[in-house]
**Q** 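What follows is a structure written as structure tokens; I'll ask about it next.
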Amino acid sequence: MPDRRSFLIHSALAGAGALAGGWAGALRAAAPPLRWAPYAEAMVVDACGFIGSDEAKPGDLLSPKLLAEARESGLRVLQTTVGPVAQYEGAFEATVRDIAAWENEIALHPDTFLAVRSGADLERARREKKLGVVYQFQDSAPIGEKLERVDDYHRLGLRTVQLTYNVRNLAGDGCLEPGDAGLSKFGHSLVERLNERRILVDLAHSGRRTALEAIAASKSPVLISHTGCAALVERPRNKTDAELRACAQRGGVVGIYLMPFLRESGQPGAADVIRHLEHALDVCGEDHVGIGTDNLVSAVALTESYKRDHAESIRERRKLGISAPGESETVYLYVEGLNAPRRFETLAALLSARGHSDARIGKILGGNFARVMNEVWG
């Protein structure tokens, strides 16, 4: 089934954005990249990201260009989605294929990738300057009604499960469900099983009641791996202060994404990301905020082919009822000023220029996510 995730993985690469005005004017396309001195040794975690190309066909291996950009990014951990969303039929088989494809890439490129199964693997990836790959679901649909599949997926390397996508599933309501019915009985059982198997619960895309009930039900800290702040931009995909605060109070971490939902209209820029990060810091505290881009590691090139594919993806999502308010055929899946593989270092430099300490920036770039991952995975 076509979805935004598929479009991301197969979208165009390369290019750079520009941001004008105010303190972010330094990000003009002609300007040299911004640097943050501690970046080389930092634990840099993208809690939701993708590596891919529009040129790839099913079964194709990652290209040398993609591998080089993954290394250039400076990321040490990438949570990447395996399995489909908003789909039950064939979901198990599709998930196994996705995992098998990634296992093959990791085996072929041990100089670039490292499979992450435990907290120790996170530190190993940082120390060896490799990209640690974490398998995550963006929908619990691949589990179906069979809780025992949690065990099967755990053995295959799954470490994070997002309970819902935008629409209702067996676990609960996604953020587009007007009834906002919350976590189901099955959802409670699923959270319990995930806790038992030391798999992280992720509440991105969830309905607001679903999020609050799942945070309360979980015995372990949870993630909201990729979201924005509803107090700044009221969109279903963005989380209220109540959700952000509840996540933090139970020890979890909230990741701010690089998505169109960061502003009311138009192409988002680096200033929008900083605004949402700083609001989340105010609500959650510096120990509970991170970044989950929901984007490609590589840059997006605004080719005519990309624009056509993007528009078609949005139209298809609307037909399927999974398109969230704020998605637009003319607002693209990148952030101006951060449209480059090393975008996390640019963000770090911008935060530093605004007076945030190196220690706090290190937590935001990935230290907070790594702490919770280590706590839950062991």
Side-chain angles (χ1 to χ4, degrees), residues 3-11 43-52 70 73 75-86 95 98-99 102 116 122 125 131-142 157-166 174-175 199-206 211 221-229 235-239 243-244 247 252-262 268 273 276-277 280 288-298 300 322 324 326-327 333-335 338 341 343-344 347 364-366 368-370 372-373 376-377:
D3 56 48
R4 187 187 149 275
R5 172 181 162 268
S6 298
F7 173 71
L8 262 178
I9 293 173
H10 299 290
S11 63
M43 176 64 82
V44 185
V45 179
D46 187 344
C48 181
F50 308 90
I51 298 176
S73 72
L75 286 170
R76 296 296 159 242
V77 180
L78 177 74
Q79 282 209 139
T80 199
T81 305
V82 294
V85 298
T95 301
D98 283 356
I99 292 174
W102 258 114
V116 172
L122 300 172
L131 179 51
V133 179
V134 179
Y135 303 146
Q136 69 176 160
F137 284 175
Q138 280 205 62
D139 192 338
S140 59
L158 181 71
R159 289 299 180 267
T160 300
V161 170
Q162 186 176 293
L163 294 186
T164 72
Y165 193 60
N166 288 343
C175 63
I199 295 175
L200 270 164
V201 174
D202 185 358
L203 296 168
H205 288 263
S206 70
V222 305
L223 306 183
I224 303 176
S225 64
H226 55 294
T227 191
C229 302
R235 290 278 188 265
R237 284 289 312 276
N238 293 341
K239 294 297 186 184
E243 293 168 275
L244 301 178
C247 178
V253 181
V254 173
I256 298 301
Y257 48 29
L258 276 59
M259 289 290 287
F261 314 109
L262 296 177
V273 179
H276 282 258
L277 280 170
H288 305 283
V289 178
I291 300 164
T293 65
D294 203 11
N295 255 289
L296 290 163
V297 170
S298 298
V300 168
I322 61 173
E327 293 181 11
L333 302 179
Y334 74 96
V335 168
L338 299 174
R343 60 180 63 88
F344 276 66
L347 270 172
I364 295 167
L365 289 196
N368 289 333
F369 274 125
V372 172
M373 290 169 174
V376 174
W377 298 337

**Q** Using side chain to side chain contact (heavy atoms under 4.5 Å, CB included) as the criterion, list what pairs up with Thr80, not counting sequence neighbours.
**A** Phe50, Leu78, Trp102, Val133
**Q** Would you say Leu200 and Gln136 make side-chain contact, with heavy atoms under 4.5 Å?
**A** no
**Q** Just jot down the ring pair (Phe, Tyr, Trp, His ring centres under 6.0 Å) partners of His276, sequence neighbours excluded, or say none.
**A**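 Checked His276 against ring pair (Phe, Tyr, Trp, His ring centres under 6.0 Å); zero matches.
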**Q** Could you pull out the closest heavy-atom pair between Val161 and Ser140, with the gap in Å?
**A**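 The answer is CG1-CB, 4.1 Å.
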**Q** Would you indicate whether the side-chain heavy atoms of Tyr135 and Thr81 approach each other to under 4.5 Å?
**A**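 A side-chain contact is absent here, since even the closest heavy-atom pair is not under 4.5 Å.
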**Q** Locate the shortest heavy-atom distance separating Ile51 from Val297; write the atom from each residue and the value.
**A** CG1-CG2, 3.9 Å
**Q** Do Leu244 and Cys229 have side-chain heavy atoms sitting under 4.5 Å apart?
**A**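 Yes; the side chains approach each other to less than 4.5 Å.
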**Q** Under the side-chain hydrogen bond (donor to acceptor under 3.5 Å, both in side chains) test, which residues partner Thr227, sequence neighbours left out?
**A** none
**Q** Among all residues two or more places apart in sequence or in another chain, which pass the side chain to side chain contact (heavy atoms under 4.5 Å, CB included) test with Ala125?
**A**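 None.
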**Q** Which residues pass the side chain to side chain contact (heavy atoms under 4.5 Å, CB included) test with Cys247, sequence neighbours left out?
**A**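 Cys247 satisfies side chain to side chain contact (heavy atoms under 4.5 Å, CB included) with Ile215, Val222, Ile224, Val254 once adjacent residues are dropped.
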**Q** Just jot down the ring pair (Phe, Tyr, Trp, His ring centres under 6.0 Å) partners of Phe344, sequence neighbours excluded, or say none.
**A** none
**Q** Any side-chain heavy-atom pair from Val253 and Val289 closer than 4.5 angstrom?
**A**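 No, every pair of side-chain atoms sits at 4.5 Å or beyond.
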**Q** Looking only at atom types and distance, does a side-chain atom of Asn166 sit under 3.5 Å from a main-chain N or O of Gly174, one as donor and one as acceptor?
**A**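 Absent.
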**Q** Excluding sequence neighbours, so at least two apart, what forms side chain to side chain contact (heavy atoms under 4.5 Å, CB included) with His226?
**A** Cys48, Gln138, Gln162, Ala204, His205, Arg237, Tyr257, Asp294
**Q** Answer whether the closest heavy-atom distance between the side chains of Leu223 and Val372 falls below 4.5 Å.
**A**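 Leu223 vs Val372: side chains touch.
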**Q** Heavy atoms only: give me the nearest Asp139-Ala86 pair and the separation to one decimal.
**A** OD2-N, 2.7 Å
**Q** Ser225 and side-chain hydrogen bond (donor to acceptor under 3.5 Å, both in side chains): which single residue from Thr160, Asp46, Asp202 fits?
**A**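 Checked Thr160, Asp46, Asp202 against Ser225; only one passes side-chain hydrogen bond (donor to acceptor under 3.5 Å, both in side chains): Asp202.
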**Q** Rounded at 0.5 Å granularity, tell me how far CG in Leu333 sits from CD in Glu327.
**A** 8.0 Å
**Q** Stepwise, does the side-chain contact (heavy atoms from CB on, under 4.5 Å) test hold for Ile291 with Leu347?
**A** CA-CA 10 Å; Ile291 300 164; Leu347 270 172; 3.8 Å; yes
**Q** Going by heavy atoms in the side chains, are Leu338 and Leu258 under 4.5 Å from each other?
**A**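 They are in contact (side-chain heavy atoms under 4.5 Å apart), so the answer is yes.
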**Q** Who pairs with Thr95 by side-chain hydrogen bond (donor to acceptor under 3.5 Å, both in side chains), at least two apart in sequence or on another chain?
**A**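 Partners of Thr95 under the side-chain hydrogen bond (donor to acceptor under 3.5 Å, both in side chains) test: none.
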**Q** Tell me, please, which residues at least two apart from Arg159 pass salt bridge (Lys or Arg N to Asp or Glu O under 4.0 Å).
**A**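 Salt bridge (Lys or Arg N to Asp or Glu O under 4.0 Å) list for Arg159, sorted by chain: empty.
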**Q** Looking at every non-hydrogen atom in both residues, tell me the closest pair between Phe369 and Gly290 and how far apart they are.
**A** CE1-CA, 3.7 Å
**Q** Side-chain contact test, heavy atoms from C-beta onward, threshold under 4.5 Å: evaluate it for Ile199 versus Phe137 and give yes or no.
**A**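 SC-SC contact between Ile199 and Phe137 ruled out.
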**Q** For residues Leu365 and Val45, determine if any side-chain heavy atom of one lies less than 4.5 Å from a side-chain heavy atom of the other.
**A**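 Not in contact.
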**Q** Can you name the side-chain hydrogen bond (donor to acceptor under 3.5 Å, both in side chains) partners of Ser206, sequence neighbours left out?
**A** Lys239
**Q** If you compare all heavy atoms of Ala280 against all heavy atoms of Ile256, which two are closest, and at what distance to 0.1 Å?
**A** CB-CD1, 4.2 Å
**Q** I need the minimum non-hydrogen distance between Ser298 and Pro341, along with the two atoms involved.
**A**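 Looking at all heavy atoms of both residues, the closest pair is CA-CG, 4.3 Å.
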